[in-house]
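A short write-up of the structure that comes next.
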Amino acid sequence: VAGAIAGCGGDDGPTALPSGPAPASAAATTAVVVTPSATATATPAATTGTRKSPVLWLDEAATGPAAAVQLAARRYWAAVVRLAERPDPADPALTQLVVEPQRSVLVRVFTANAATGVSQRGPIRGTVTVGEVTGSTADVTTCLDQTLVKVYERSGRARPGSSGGLTPFRLELRKDGGAWKVARASSRSGTCPIPR
């Protein structure tokens, strides 16, 4: 689910956060799980998701140059979670937190989900591990536990079998105007550990 939200380009094509299996009639549309919420916040600086889709970060805060990168990654995922719940391809967070080519991927995903009424919601637990940080680029590995996230149709009904799981993601960040922004996001095969 978080994958469909993040608008990641994984092995199965662009998705935001990994979503459950789509019905045959919607197989061409990437699902983003979470239904619209009147309480969703539009603050791009937030890292905690929304009331219906809270994000709990289980790792410790990074220090040094990695701190700003970790914060940017957490803000990115919080925005993706919020937009998976209430898809809006014109949301300012897509400019404030994301650069090309990932921005176009997310705009495409959230445009499709807004048109079809598909959304996703549910609590997410995660970790952000900062890898190499150079002058203007950084790599991040994220593990998201989306086992309680579901994809919802326009009717408000949850898709059968749409619950997420433990999913690793790789983010590539780039400095843009002095701020770290996500340039690429991709899901990885396999699973990842989440602290208890």
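Numbers here are sequence positions counted from 1.
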Open item on the list: Out of the candidates Pro160, Ser162, Ser163, only one should pair with Val151 under the side chain to side chain contact (heavy atoms under 4.5 Å, CB included) rule; please name it.
Closed with: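 Result for side chain to side chain contact (heavy atoms under 4.5 Å, CB included) with Val151: Ser162.
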Looking at every non-hydrogen atom in both residues, tell me the closest pair between [X] and [Y] and how far apart they are.
X: Ala78; Y: Thr48; value: CB-N, 4.1 Å
X: Pro168; Y: Gly190; value: CD-O, 3.5 Å
X: Pro101; Y: Ala183; value: CD-O, 3.2 Å
X: Trp180; Y: Thr134; value: CH2-O, 3.9 Å
X: Leu58; Y: Pro195; value: CD1-O, 3.4 Å
X: Leu171; Y: Tyr76; value: CD2-CE2, 4.1 Å

If you round to the nearest 0.5 Å, how far is [atom2] of [Y] from [atom1] of [X]?
X: Glu172; Y: Glu132; atom1: CD; atom2: CD; value: 11.5 Å
X: Asp176; Y: Leu97; atom1: CG; atom2: CG; value: 11.0 Å
X: Glu153; Y: Thr116; atom1: CD; atom2: OG1; value: 7.5 Å

Cluster check [X], [Y]: I/L/V/M/F/W/Y, side chain < 4.5 angstrom:
X: Val69; Y: Val99; answer: no
X: Ile194; Y: Val55; answer: no
X: Leu56; Y: Val149; answer: no
X: Leu94; Y: Phe169; answer: yes

Under 3.5 Å donor-acceptor, [X] side chain and [Y] backbone:
X: Arg170; Y: Arg188; value: no
X: Thr111; Y: Val107; value: yes
X: Arg75; Y: Ala93; value: no
X: Arg174; Y: Val98; value: no
X: Lys181; Y: Thr95; value: yes
X: Gln102; Y: Val182; value: no

Open item on the list: Applying side chain to side chain contact (heavy atoms under 4.5 Å, CB included) to Leu173 and Val140, what does each step give before you reach the verdict?
Closed with: CA-CA 8 Å; Leu173 290 86; Val140 169; 3.6 Å; yes
Residue pair [X] / [Y], side-chain heavy-atom distance below 4.5 Å:
X: Leu144; Y: Arg125; result: no
X: Leu83; Y: Leu106; result: no
X: Trp77; Y: Thr142; result: yes

Open item on the list: Taking the basic N atoms (NZ, or NE/NH1/NH2) and the acidic carboxylate oxygens, is any pair closer than 4.0 Å for Arg74 and Asp59?
Closed with: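 Yes, charged N to carboxylate O under 4.0 Å.
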- [ ] Would you tell me whether Thr127 and Trp57 have side-chain atoms, one donor and one acceptor, within less than 3.5 Å of each other?
- [x]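 On atom types as modelled, these side chains do not qualify, holding no pair under 3.5 Å.
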Task: Check against salt bridge (Lys or Arg N to Asp or Glu O under 4.0 Å), Glu85 and Lys52 - done: CA-CA 8 Å; Glu85 188 174 310; Lys52 292 184 179 181; 5.9 Å; no
